[in-house]
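The chains referred to below are lettered A, B, ... by the order of the sequence lines, with proteins before strands, and numbering in each begins at 1.
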Amino acid sequence: MEKKYNPEVIEKKWQDYWEQEKLFKVEIDTTKEKYYLLEMFPYPSGRIHMGHVRNYCIGDVVARFKMMTGLNVLHPMGWDAFGMPAENAAIKNHSHPAIWTINNINEMRRQLKRMGLSYDWDREIATCHPDYYKWEQWLFIRMLENGLVYRKKSIVNYCKPCATVLANEQVEAGCCWRCGEPVVQREQDGWFFRITKYADELLDWCDRLTGWPERVLTMQRNWIGRSEGAKILFKQENSDQSIEVFTTRPDTLYGATFMSLAPEHPLCLSLSKGTSQETPVQEFVNHALTQDWQSRVGESVGKEGVFTGAYCINPLTSRRMPIYCANFVLYEYGTGAVMAVPAHDQRDFEFAKKYGLDIIIVVQPTDHVLSAETMTEAYVGPGNLINSGEFDGTDNESAKKAISKKLKSMNQGGPTTNYRLRDWGVSRQRYWGAPIPVIHCAKCGPVPVPDLELPVVLPIDIEFPESGRSPLPDLDWWVNTHCPKCGSDARRETDTMDTFVESSWYFDRYTCPRYDNGLLDPVQDRYWSPVDQYIGGIEHAILHLLYSRFFTKALRDLGIKKESEPFRNLLTQGMVIKDGAKMSKSKGNVVDPEDLINKYGADTVRLFCLFAAPPERDLEWTSEGVDGAQRFLNRIWNLVLEYKDLKSSDQILMESADSRTIRRVTHKTIKKVTEDISNRFRFNTAIAAIMEMSNELSKVSCEEIYAKNDLKAAMKDAIESLVLLMSPFVPHISEELWEALGNKGGLTRRLWPTYNSEMILEDSLTIVAQVNGKKRAEIRVPTSATEDEMKQSAIAEANVQKFIEGRVIRKIVVVSGKLVNIVVS
RNA sequence: GCCUGAGUGGUGGAAUUGGUAGACACAAGGGACUUAAAAUCCCUUGGGGCAUGUCCCCGUGACGGUUCGAGUCCGUCCUCAGGCACCA
């Protein structure tokens, strides 16, 4: 053993050893309990950042700990390798997305290996590999066959110069993020996953995901946004057509005085056609549709609208209700049409005031009286119905049900449920993604590519255009094909899939990454699924985690999987920040993990990441803290150096108090560290306990230890336990120290130390003596002391006497092992 | 606006079921070793008081409440962070 801790040498040594011994390679072992641990796989952006480091350090502690407790641990890693940054980089560097991606993967794999993470690298997957997306295409077709995928026209953000659809987050202040030209709304065909079919199930299962943070579940519940209400049909005047609306307030139907349609609603134009309102409506609609989203629905935007010239009929009052087109009505939510009740809805109130429309109060609160003439805002609270015919006097909650029921009996609507969740549009007019496996035939329409022709390989050998426009539509040799059904000339779908599709099932593929007879090997899936612990950033709380849940249910219904939920437990780690802000290039506060590894070694970096904050919280990066972590590892190194030659084989005549103290510290620490890792993921307190133990052991004199057999034995056990306890956090130095103690390498094959409760017991303990709840003394009592004895020693204490003297003792509260509280008047 | 979290020393954080507030670190100050520095080791370190103690008072965002006892439970409010946001 070297005199000085030299991470550079030992980290390389043990990483090589782990790789040669294939220490982290796993296979099904039915004699062992399985544990599937997964961290969110990275996008191969080029270099790992501190967020990755933190995420993967946390995962590695859990993985190594679970291995040591005897579980069969699956701990894989891979690459979320499709996506736009590859295209941008290719444009910038006159390169190719594939080359850029592969180089990045190689670089990042090398960096991750330097962290000493316990991955089974044989299971590595990259989602841009045809062997991976082949099964995604296969699944797409199965979903298409089962009605879970469909094609529809929808309104999208479109950039003309770039000839592509933009995601909402790629539109900056109404302009394209790349070319700066204004984005327009455009109706376009695209493929959709029918996630709304699972809205109820996704929502209901939120209550059963007991291993997920409540915060994430709340966000998902809000996103799904189930609301109970009614659909109501309003007959159009002079027509047998009806307009359907959704409302959560059917109780206010008697107060509905007009109707509002979203500008996208086709009725806006058709109703006004041929009337004097035709031109104003056309202008209004055109204006609304060409506006960017912010200036149309933004917070500060007022209510605007225009009369369509048409009327509909309130089914209960037979009132003639003018139909308006209004900017605040969302086409995507509900039916894109709303009944307006100005007295009881703030938006309708503002709109009615502006355009001079009638306000009728139908819900009267019990504590004050509303009047339509004087009210300055809508009343949305509870109350009893008025102006509502047969429902007058009913409380409005019961009226919701009663009126829904009546509408149903009239065939004019009825109770219904509506969701905020919309179907998931996955078409992207981009190159670097998985091709959608469909062929468009003029006669047969869209036809799935036959299974035998899968995968539809993304053409790689191409010139990547500088415009950013996808080269696929121009690749005649690739696009032109024949219809699988009728054989006539046809064109391939040139859209690729949203990259969230790949990450919605990658965790399944890790169980059988090279399986070629199907998407999943049922034997592997049954053994490994579901993921027992998933770890990643909170930023994926909705999209990725919701999509993955949807895919799991879809795979189940297609008979491919048994499980209904992908991730049994979820840990969301906080961000890494520096100087109070998230690390970013623009702020100039980025710390490069590899520089740190070069300077300190991976163990120090790991230790700091795990010690400075609990996983869910943000981690403030400080270089002083890293220095501190390094100092601790040096101290441990020196401590082990002192005791590495201890032999415990000498005969022990009697255990002394000193050796019992060493054993007590050891067993207490084993208990604390075990519980902190397994129950709570509180690595910071686990490490603090290890530090306390090492401080204790450093206090005793080395000569004394070597002088007595019982101390030698106790210390040897203590040092060995210490190294084992440290090993999930700082594996390299632990292996080296373990070897120096005369053992063989491969600590994850060792058993995690266990504690003996009897060893933790002390002969006497310190308890607190309080008077009226204030601490007045600390007293030592024998562990075996009875309540009475504890009371007596508390009362006998001089400082306690001072406070009870001359007062009457009303009551004495005894908490065994903790305190005695004497209550005096 | 609505929904979630979170507010504890100079800093990161600890206190697991209502029972010693500040574990463990970082920073700072003092000391030892050294010709010197670095490294290392030791001591002090929430605020205040004096009678300098096994002392007293105050102290976990604010104010109330429950309790023998509250950082922890309840109520009202304040601040910060995140999510959603004209969702009918």
What pairs of nitrogen or oxygen atoms, one from the protein and one from nucleotides 14-19 of chain B, lie under 3.5 Å apart?
unit_1, atom_1, unit_2, atom_2, d
B:A14, OP1, A:R682, NH2, 2.5
B:A14, OP1, A:N684, ND2, 3.1
B:A14, OP2, A:R617, NH2, 2.9
B:A15, OP1, A:R680, NH1, 3.3
B:A15, OP1, A:R680, NH2, 3.0
B:A15, OP2, A:R682, NH2, 3.2
B:U16, O4, A:K672, NZ, 2.4

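Within 4.0 Å of A:N638, counting heavy atoms only, lies no atom of the nucleic acid at all. Among the protein residues, A:V341 comes within range of no part of the nucleic acid, since none of its heavy atoms lies under 4.0 Å from any strand. At a threshold of 4.0 angstrom between heavy atoms, the contacts of A:K303 include nucleobase atoms, whether or not backbone atoms are also involved. Heavy atoms of A:G334 sit nowhere under 4.0 angstrom from any nucleic acid atom. Note on A:R347: a base of the nucleic acid sits closer than 4.0 angstrom, heavy atoms only. Here A:E620 lies out of heavy-atom contact (under 4.0 Å) with every strand.
Both distances falling under 3.5 Å, in either a Watson-Crick or a G-U wobble arrangement, occur for no nucleotide opposite B:A38. Base-pair partner of B:G18: not found among the strands shown (Watson-Crick or G-U wobble, both distances under 3.5 Å). Using the Watson-Crick or G-U wobble rule with both distances under 3.5 Å, B:C2 pairs with B:G83. Taking a pair to require two hydrogen-bonding distances under 3.5 Å in either a Watson-Crick or a G-U wobble arrangement, B:G64 pairs with B:C74.
At least one donor-acceptor pair under 3.5 Å links the side chain of A:T786 to the backbone N or O of A:E789.
For the pair A:D358/A:F258, no side-chain contact is recorded, criterion being any heavy-atom separation below 4.5 Å from C-beta on. Taking 4.5 Å as the limit, some side-chain heavy atom of A:T685 sits within range of a side-chain heavy atom of A:K672. Using a 4.5 Å heavy-atom threshold, the side chains of A:W621 and A:C609 count as touching. Residues A:N772 and A:V824 meet the side-chain proximity criterion, which asks for heavy atoms closer than 4.5 Å.
Residue order along RNA chain B, read from the 5' end via each residue's closest nucleotide, puts A:I767 first among A:T622 and A:I767.
Between A:Y355 and A:F351, the ring planes lie tilted relative to each other; the angle falls in the 30° to 60° range.
A sub-4.0 Å separation between OP1 or OP2 of B:A88 and a side-chain N or O of A:R420 is absent.
Annotated as syn: B:G9, whose O4'-C1'-N torsion sits within 90° of 0.
Among B:G5, B:C87, B:C24, the nucleotide with an atom closest to any side-chain atom of A:R215 is B:G5. In the set B:C26, B:C55, B:A25, B:A25 carries the atom at the smallest distance from any side-chain atom of A:N695. Checked against B:C26, B:A85, B:A25, the side chain of A:R631 finds its nearest nucleotide in B:C26.
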